[in-house]
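This report refers to the structure that appears directly beneath it.
To find a chain, count down the sequence lines: A is the first, B the second, and so on, and within it residues start at 1. These figures come from a predicted structure and were not determined experimentally.
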2 protein chains.
Amino acid sequence: MAASTLTEVARLAGVSPATASRVLNGSARTPGKDIAERVRQAADSLGYIPNAQAQGLAKSSSGLIGLIVHDIADPYFAAIARGVQDAAREQRKMVLLATTGGGPAEEKEAVAAFAARRADSIVIAGSRSCRAEDQEGNAQLAAELDRYCRNGGRVAVVGHPVVGATALEGYHVVEVPNQELAGRLATELAAGWDGDFVIIGGPDGLYTSDDRVRGFQEGLARAGHRPAEVLRSAFNRSGGYEAGLQLAARIKAASAGNPAAPKLCIFAVNDVMAIGAAAALRSEGLRIPRDASIAGFDDIETLRDFRPALSTVRLPLEDIGRLATRATRPRPAGQDQEAASDEAVTGEVTLRRSTEAAAV
Amino acid sequence: MAASTLTEVARLAGVSPATASRVLNGSARTPGKDIAERVRQAADSLGYIPNAQAQGLAKSSSGLIGLIVHDIADPYFAAIARGVQDAAREQRKMVLLATTGGGPAEEKEAVAAFAARRADSIVIAGSRSCRAEDQEGNAQLAAELDRYCRNGGRVAVVGHPVVGATALEGYHVVEVPNQELAGRLATELAAGWDGDFVIIGGPDGLYTSDDRVRGFQEGLARAGHRPAEVLRSAFNRSGGYEAGLQLAARIKAASAGNPAAPKLCIFAVNDVMAIGAAAALRSEGLRIPRDASIAGFDDIETLRDFRPALSTVRLPLEDIGRLATRATRPRPAGQDQEAASDEAVTGEVTLRRSTEAAAV
DNA sequence: ACGAATCGGGAAAGCGCATTCCCTCTGTTT
DNA sequence: AAACAGAGGGAATGCGCTTTCCCGATTCGT
């Protein structure tokens with residue numbers, strides 16, 4: 001990658017590199033009209049493009065925002081990514097993408113890579129875990145983030161704080177009220193439901209999943225309902241599918257013994273899992289909501305045309321990405337550090353046909 | 001973003017920066033064991049992270065791959081992005097993301113930004129257009145790409161070449177056989193179908209859409225079928241929805257006049273549009289495939305659980321992203337330039353329930 | 001055993017740009 | 001009219017790293 005340099009432009013325009021630099025990037029000092037014009041023309045005719053690496057080196061700031069997701073093809077992350085991208089454009093920055101598959105070790109790698117590139121800020125969208133096997137990885141990730149922040153980097157994490165990260169200057173968390181919303185969902189569902197609830201959760205220790213499970217149970221309790229059984233599975237479509245197969249067998253067994261057996265209401269901790277579970281039930285000849293109700297979480301856009309329409313909790317994913325990105329932007333001096341960073345994320349319980357009790 | 005520098009590491013280890021550089025990055029010259037160890041320890045204790053910007057400046061190569069998409073939240077692009085990301089990891093590079101909304105002007109901006117960052121290569125996933133209004137933008141984009149390539153950059157574009165781009169060193173196109181596959185789809189659909197076909201296409205001038213429309217018509221012709229009417233609409237879900245509303249009205253009118261009117265088979269040029277159209281039909285009380293057949297294109301993963309299962313053409317999107325990214329990798333010397341770059345992309349017609357003629 | 005080839009290390013010159021400092025030239029003040 | 005600010009331009013330095021180039025110390029060949 002060679003290209004024409006500022007020096008060449010300056011030479012062509014017959015001025016010093018310093019002057020050329022001043023006219024081509026809004027410096028505090030503004031050269032004279034005629035000279036500016038000459039430089040601009042020279043730059044144009046040479047097709048000059050400033051070398052951002054060199055600029056970054058000189059100014060020690062890269063104009064880069066690092067985004068860490070599990071999997072960019074997952075619509076949940078894709079939606080957040082869109083928000084991040086959008087906010088990045090506002091800040092006239094570019095986004096560097098890292099997909100990690102979910103392990104804290106890879107996330108640590110990604111943070112290090114971003115730090116190496118001197119990214120101005122980092123947004124971590126992947127959900128945190130506190131499984132024993134991730135403990136060491138989490139510690140390393142926390143250490144890496146610590147270092148990054150100490151060096152002036154800013155980071156925002158979506159959902160839960162990174163385990164073990166000490167509250168640092170420049171470390172923000174965009175809280176997502178998973179627990180509360182799951183509780184509300186449970187309450188609303190329990191209102192018109194007598195049968196049992198079953199929760200299809202992600203692996204134990206995944207905060208996002210655990211919060212939603214806990215919240216849902218609390219909601220049930222508030223509604224005077226007995227707690228739901230919890231099935232653990234992978235946090236993706238096939239996890240939902242497998243759990244769905246189990247439940248299908250159970251449902252069929254129950255209705256075989258007693259045709260009037262009370263229906264089951266399934267809560268999958270995210271939409272993608274819910275869809276997987278629904279597919280499993282269907283493949284076993286069961287119908288929703290006739291034979292079982294099902295609800296998800298996230299309200300993934302691509303899934304809204306799914307039938308029966310999925311009851312879920314709408315999360316403003318794009319906004320979440322935007323918020324996280326904005327939180328990393330250095331506050332205008334007078335502003336309180338905390339003030340703007342806590343624009344709360346709110347969700348909305350959205351009941352649709354997949355849990356219509358009327359179909360009982 | 002300050003951090004410890006190579007010089008500091010060198011000083012701590014009591015060696016010259018040159019030596020430190022040599023041990024910390026695999027150089028051709030390998031310093032002695034003991035010294036290497038000392039340097040490594042020093043680096044470790046200082047938490048040294050090399051400054052990629054400076055490295056890039058010195059080596060004039062950034063380890064960056066630029067990816068241009070219309071919208072990262074669109075599952076089509078998200079799938080390609082996953083492939084790109086994957087291939088980038090293979091090459092130990094990071095991906096810079098730019099979303100443009102589809103206009104060539106913004107794409108040009110993105111290319112310039114990537115060039116400024118000295119990205120080693122650029123993958124353009126957005127589909128090309130030859131609408132009159134885009135003409136100037138296309139020319140500018142082509143010029144920008146030209147310049148980028150002349151400066152040693154490598155670019156791969158998915159689908160169609162950029163209009164007006166002269167075949168340059170380092171310019172690759174990953175051909176997607178849209179036309180042929182659409183033709184095959186048409187042929188297979190026409191085999192069991194007597195009624196009319198209608199195509200829901202994207203805006204006129206969008207190559208991806210036009211190719212699929214043209215191919216489909218050719219396929220119909222080959223099957224001895226009369227050509228399909230073409231409805232133009234936006235290249236997204238709501239475009240499909242709107243066209244779907246029109247068609248719903250038409251279908252209802254036809255069956256009102258003649259209850260035994262032959263069914264319509266709708267081909268939407270991509271899955272997302274097809275889903276939109278299906279939603280529109282459903283909202284008008286029509287059922288698929290009872291009242292109309294519908295087929296899409298792409299076989300978006302997230303949409304596979306949609307019911308009725310959508311007939312479509314499976315495209316290996318992730319592979320396409322991977323292929324495009326690999327195509328930009330400089331060939332090992334002995335290799336023919338063309339040899340590997342033409343690993344053909346193939347798709348597969350996938351008939352599912354949404355076009356089941358048996359339901360007639 | 002002596003010059004030649006090599007090995008391991010350091011000094012220094014950039015890579016392309018921003019920026020500080022200095023200088024000259026103008027326009028202004030008393 | 002002398003002194004002085006200030007504007008506009010250039011020389012030079014440094015950002016952090018890679019990479020020649022150079023040099024003393026080994027090892028090798030015959």
Practice prompt. With DNA chain C as reference, determine whether B:K59 or B:I35 sits nearer its 5' end, using the nearest nucleotide of each.
Written response: B:I35

Fill in: Distance test, side-chain N/O of A:Q55 to OP1/OP2 of C:dC17, below 4.0 Å
no

Item to complete: Using atom types as modelled and distance alone, determine if a side-chain donor or acceptor of A:R329 lies under 3.5 Å from a backbone N or O of A:A87.
Response: no

Discussion item. How long is the straight-line distance from CG of A:L145 back to CD1 of A:I122, given to the nearest 0.5 Å?
Written reply: 6.5 Å

Worksheet item: Within the pair A:S21 and C:dA18, is there a side-chain N or O less than 4.0 Å away from OP1 or OP2?
Response: yes

Practice prompt. Indicate, with a heavy-atom threshold strictly under 4.0 Å, whether A:P17 touches base, sugar-phosphate, or nothing.
Written response: nothing

Discussion item. Rounding to an integer number of Å, can you tell me how far A:L57 CG sits from C:dT19 P?
Written reply: 13 Å

Discussion item. Using heavy-atom distances to pick each residue's nearest nucleotide on DNA chain D, tell me which of B:R22 and B:I49 is more 5'.
Written reply: B:I49

Discussion item. Pairing donors with acceptors under 3.5 angstrom, does anything connect the side chains of B:S129 and B:D134?
Written reply: yes

Item to complete: Report the relative orientation of the aromatic rings in A:H70 and A:F77; use parallel for angles under 30°, tilted for 30 to 60°, perpendicular for over 60°.
Response: tilted

Worksheet item: Between atom CG in B:L46 and atom P in D:dG16, what is the gap in whole Å?
Response: 13 Å

Item to complete: Can you tell me the distance, in whole Å, between the CD atom of B:Q53 and the P atom of D:dT18?
Response: 14 Å

Worksheet item: Of all the choices, C:dC15, C:dC17, D:dT19, which nucleotide is nearest to the side chain of A:N51 once you look at every atom?
Response: C:dC17

Worksheet item: Got a donor-acceptor contact below 3.5 angstrom from the B:T325 side chain to the B:G321 backbone?
Response: yes

Response to the item:
With the side chain defined as heavy atoms from C-beta on, B:T5 is closest, among D:dG9, D:dC17, D:dG14, to D:dC17

Discussion item. Please determine whether a side-chain nitrogen or oxygen atom of A:S16 lies at a distance below 4.0 Å from atom OP1 or OP2 of D:dG10.
Written reply: yes

Discussion item. Between the base of D:dG16 and the side chain of A:R118, is there a donor and acceptor pair under 3.5 angstrom?
Written reply: no

Practice prompt. Let me know the distance between NZ of B:K33 and P of C:dG9, rounded to the nearest Å.
Written response: 13 Å

Discussion item. Does a side-chain N or O of B:N25 approach OP1 or OP2 of D:dC17 to a distance below 4.0 Å, or not?
Written reply: no

Worksheet item: Nearest-Å distance, CG (B:L6) to P (D:dG16)?
Response: 11 Å

Worksheet entry | Residue A:P50, side-chain atoms from C-beta onward, closest of D:dG16, C:dC17, C:dG10 | C:dC17

Worksheet entry | Gap between atoms CD and C1', on B:E8 and D:dG16 respectively (whole Å) | 10 Å

